[in-house]
Structure formats: C-alpha cells, structure tokens
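As the structure is a computational prediction, the values presented were derived from the model and not from experiment.
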Amino acid sequence: MSLHGVLRRALGTLVHRGWSALRAAGAVTPASPGGYRFRRLGEGACLAFPVGAVFGEQWIEIGEHTLVGERVSISAGMGPGVDLGPDSVVRIGGHCSIGRGGHIVGHQSIDIGDHVFTGPYVYITDQNHVYDDPETPIGRQWPRNNPVAIGSGSWLGTGAIILPGTRIGRQCVVAAGAVVRGEFPDHSVIAGIPARVVRHHVPGHGWLPPHLAAGVADRAGSADAGDGAGTGDVGPSGIGPHGIGPGGAGTPPEPAEPVGTG
C-alpha cells in the first residue's frame with residue numbers, strides 16, 4: 001500500500017473513532033442530561049446523538065430504558081418559553097424504542113405506553129391546522145388539539161402518521177405509511193390512508209380480517225344466546241356484530257384533514 005493509502009486509512013480510522021466518541025459523549029442520559037431539564041428521564045433512558053429538536057422538556061416524561069434514536073424531535077408547545085400548565089404533555093413509557101428521524105409534537109396530551117417500538121420517521125401529533133374560515137389563510141387559523149394515546153406493546157411502522165384524536169389499543173400494529181385517526185381496539189393491525197383495521201386477533205382463532213372476525217363473533221353470540229347469556233358483543237373494544245368494536249372496524253376515521261406540522 002502506498003504512503004497516501006496508509007495515511008488515508010489512518011485518517012479514516014481516526015475520524016470514525018472520533019465520531020463514535022462524540023456520539024457517546026453527546027448522548028442525553030440521566031447521568032449526562034446535556035442541559036436538558038426533562039420532567040422525568042428514567043433510569044437507563046437515552047436520547048442518541050445527534051439529538052433532534054427538543055424543547056418544552058419540562059412537560060416531557062421519558063420512561064426507564066427507553067431509547068430515542070438519532071435526530072428525533074420531541075416538543076411540547078409551540079416553542080421554548082411557553083407555560084403549558086402543571087401537567088406533563090408528552091409521556092413516553094418505559095422500554096420503548098423511538099426510531100431515528102421521528103417527530104413527537106405535543107400541545108395537550110400525547111401518551112405512549114410501555115414497550116412501544118416505532119420505525120424511522122414516524123410522526124405523532126395532537127394538534128392540526130383547521131380550515132373553518134375559507135377566507136383566512138389556513139396557517140393563520142388557530143390550530144385544534146385532541147389528545148393521542150398509543151397502547152403498550154404496539155409497533156408503528158416506518159413513516160406512519162398519527163393524527164390528533166387517535167387512540168390505539170394495546171399490542172397493535174400500524175403499517176408503514178399509514179395515516180391514522182380514530183379509535184382502534186387492542187390487538188389490531190391498522191393500515192391504509194385513511195387507516196382502518198385490517199386484522200384483529202380473536203382468541204382461539206388467531207389474526208382474522210374484520211369480516212371473518214365478525215362471523216366468529218356472530219357464532220359465539222348465537223351460542224351464548226342459546227344458553228341465555230350474552231348478545232355477541234364483547235365490550236366497547238371487543239368484536240361487535242359488524243366487525244371490531246360495537247359498530248364495526250374500530251371507529252372509522254373521519255376524512256383526513258391536511259396533515260399539520262404541529
């Protein structure tokens with residue numbers, strides 16, 4: 001190898017080792033918070049370096065052993081210095097993994113359960129722009145808030161968008177690229193634009209599409225009725241006569257509004 005090659009290899013090694021050291025030093029942890037003042041940063045939690053835009057951390061809670069990937073933006077409020085009241089706004093549970101490049105933008109309430117994993121570039125917000133007044137520029141109309149909740153054990157695929165007012169149950173799968181708004185029961189597979197339930201787990205039968213899940217529920221309901229017990233509904237998050245939930249496949253999302261920037 002020529003002298004030039006040796007020097008280039010040595011320089012490359014030095015750069016990579018330096019970058020690794022910089023990443024380790026720049027990570028935000030309870031032991032090395034880097035000037036951030038989170039309401040709660042649990043034991044073993046880590047925000048990987050380079051850190052994305054983070055502000056309003058006094059209203060942000062991150063649970064123990066949660067890993068937030070590189071360039072993930074987490075914010076509470078419109079900007080730094082805003083008083084959002086006594087309660088936390090963004091709550092991320094323990095043992096979660098938030099994929100790189102994601103955005104979690106909270107203004108009222110975003111609640112992410114434990115053991116939630118997201119792919120890269122997932123966007124979660126509880127605020128969206130409105131267009132009530134057709135004569136006023138949309139960006140100048142006051143946004144509207146609606147709380148978001150994501151159940152423990154769920155997985156959100158790459159590029160999924162979670163819009164205001166969404167409530168996702170436990171152990172759910174959100175497909176990559178889905179645009180999600182509405183209420184979805186536990187153990188659902190959610191996909192599409194706008195997103196709907198495409199699979200639901202029925203004990204003893206596995207993961208079924210809604211029309212098959214409805215058939216199982218109807219048969220179970222008929223058997224229960226024969227015994228003088230039950231009507232076939234299984235609670236507000238169960239399997240109703242028309243699919244998932246008492247009214248069908250979750251709560252069907254309304255027509256999607258333009259995806260806001262928070």
Check your understanding: If you group Ile, Leu, Val, Met, Phe, Trp and Tyr by side-chain heavy-atom gaps below 4.5 Å, do Val122 and Val51 land in one group?
Key -> yes
Value for OG (Ser188) from CZ (Arg196), rounded to nearest 0.5 Å, stands at 13.5 Å
Show your working on salt bridge (Lys or Arg N to Asp or Glu O under 4.0 Å) between Arg144 and Asp132 and close with a plain yes or no. CA-CA 11 Å; Arg144 188 172 296 140; Asp132 298 334; 2.7 Å; yes
Hits for side chain to side chain contact (heavy atoms under 4.5 Å, CB included) against Ala175, two or more places apart or cross-chain, chain-then-number order -> Ala191
The ring-ring contact (aromatic ring centres under 6.0 Å, His included) partners of His115 (sequence neighbours excluded) come to His95
Smallest heavy-atom separation, Leu156 atom then Ile162 atom, equals CD2-CG1, 3.8 Å
Sorted by chain and number, sequence neighbours left out, ring-ring contact (aromatic ring centres under 6.0 Å, His included) with Phe117 holds for none
Rounding to 0.5 Å, atoms CG (Leu11) and OG1 (Thr13) come to a distance of 8.5 Å
Within the structure provided, determine whether Leu47 and Phe38 are in side-chain contact (heavy-atom separation under 4.5 Å). yes
Across all chains, not counting sequence neighbours, the side-chain hydrogen bond (donor to acceptor under 3.5 Å, both in side chains) partners of Thr136 are Asp133
Ser20 (side chain) donor-acceptor with His16 (main chain) under 3.5 angstrom: yes
In this structure, OG1 of Thr166 is separated from CD1 of Ile110 (nearest 0.5 Å) by 10.0 Å
Ile112 vs Ile104 side-chain heavy atoms within contact, under 4.5 Å: yes
Scanning both residues in full, the closest heavy-atom pair of His107 with Val105 reads CE1-CG1, 3.5 Å
Minimal heavy-atom distance between Val148 and Pro164, with the atoms involved, is CG2-CA, 3.9 Å
Only distances under 3.5 Å count here; give the side-chain donor-acceptor pairs of residues 78-90 to other protein atoms, sequence neighbours excluded, each with its distance to 0.1 Å.
residue	atom	partner	partner atom	Å
Asp83	OD1	Gly85	N	2.9
Ser88	OG	Glu61	OE2	2.8
Ser88	OG	Arg91	NH1	3.2

All heavy atoms of Val68 vs all of Ile74, minimum pair found to be CG1-CD1, 4.1 Å
Does the side chain of Val130 reach to within under 4.5 Å of the side chain of Asn128, using non-hydrogen atoms? no
Are more than 12 heavy atoms from other residues, nucleotides or ligands located less than 6.0 Å from atom CZ of Arg100? no
* Heavy atoms, side chains only, cut-off 4.5 Å: are Ile150 and Ile124 in contact? -> yes
Q) Where the side chain of Ser154 meets the backbone of Arg170, is there a donor-acceptor pair that is under 3.5 Å apart? A) no
Q: Please confirm whether the backbone N or O of Cys46 pairs with a side-chain atom of Thr29, one donor and one acceptor, at under 3.5 Å?
A: no
- request: Could you tell me whether the side chain of Ser75 and the main chain of Ala53 form a donor-acceptor pair under 3.5 Å?
  value: no
Nearest heavy-atom contact between Val174 and Ala160 is CG1-CB, 3.9 Å
Hydrophobic cluster membership, with links at side-chain heavy-atom distances under 4.5 Å among I/L/V/M/F/W/Y: are Tyr123 and Tyr121 in one?
no
Residues passing the side-chain hydrogen bond (donor to acceptor under 3.5 Å, both in side chains) test with Gln141, sequence neighbours excluded, are none
Sorted by chain and residue number, the side chain to side chain contact (heavy atoms under 4.5 Å, CB included) partners of Ser152 (sequence neighbours excluded) come out as Asp114
Check whether Ser109 reaches the backbone of Pro147 with its side chain - one donor and one acceptor, N or O, closer than 3.5 Å. no
Excluding Leu22, membership of its hydrophobic cluster (Ile, Leu, Val, Met, Phe, Trp, Tyr; side-chain heavy atoms within less than 4.5 Å) reads Trp19, Phe49
Notebook entry, point to check: Are the side chain of Thr125 and the backbone of Gln127 linked by a donor-acceptor contact shorter than 3.5 Å?
Noted result: yes
Next item on the list: Say whether, by atom type as modelled, one donor and one acceptor occur between the side chain of Arg39 and the main chain of Gln58 under 3.5 angstrom.
Entry: yes
Taking every heavy atom of Arg199 against every heavy atom of Trp207, the minimum-distance pair comes out as CD-O, 4.0 Å
Fill in: In one Ile/Leu/Val/Met/Phe/Trp/Tyr side-chain cluster, 4.5 Å: Leu67, Val116
no
Between the OG1 atom in Thr118 and the CD1 atom in Ile98, the distance rounded to the nearest 0.5 Å is 4.5 Å
Sorted by chain and residue number, the side-chain hydrogen bond (donor to acceptor under 3.5 Å, both in side chains) partners of Arg40 (sequence neighbours excluded) come out as Glu64
Checklist line | Check: Asn145 main-chain N/O paired with Asp126 side-chain donor or acceptor under 3.5 Å | finding: no
Those residues at least two apart in sequence (or on a different chain) that pass side-chain hydrogen bond (donor to acceptor under 3.5 Å, both in side chains) with Glu70 are Arg23
Residue pairs meeting ring pair (Phe, Tyr, Trp, His ring centres under 6.0 Å), one or both in residues 137-163, sequence neighbours left out, come to none
Separation between CZ (Arg167) and CG (Asn146), nearest 0.5 Å, reads 9.5 Å
Apart from Phe55 itself, its cluster of hydrophobic side chains linked below 4.5 Å comprises none
When rounded to the nearest 0.5 Å, the distance separating NE2 of His201 from SG of Cys172 is 12.5 Å
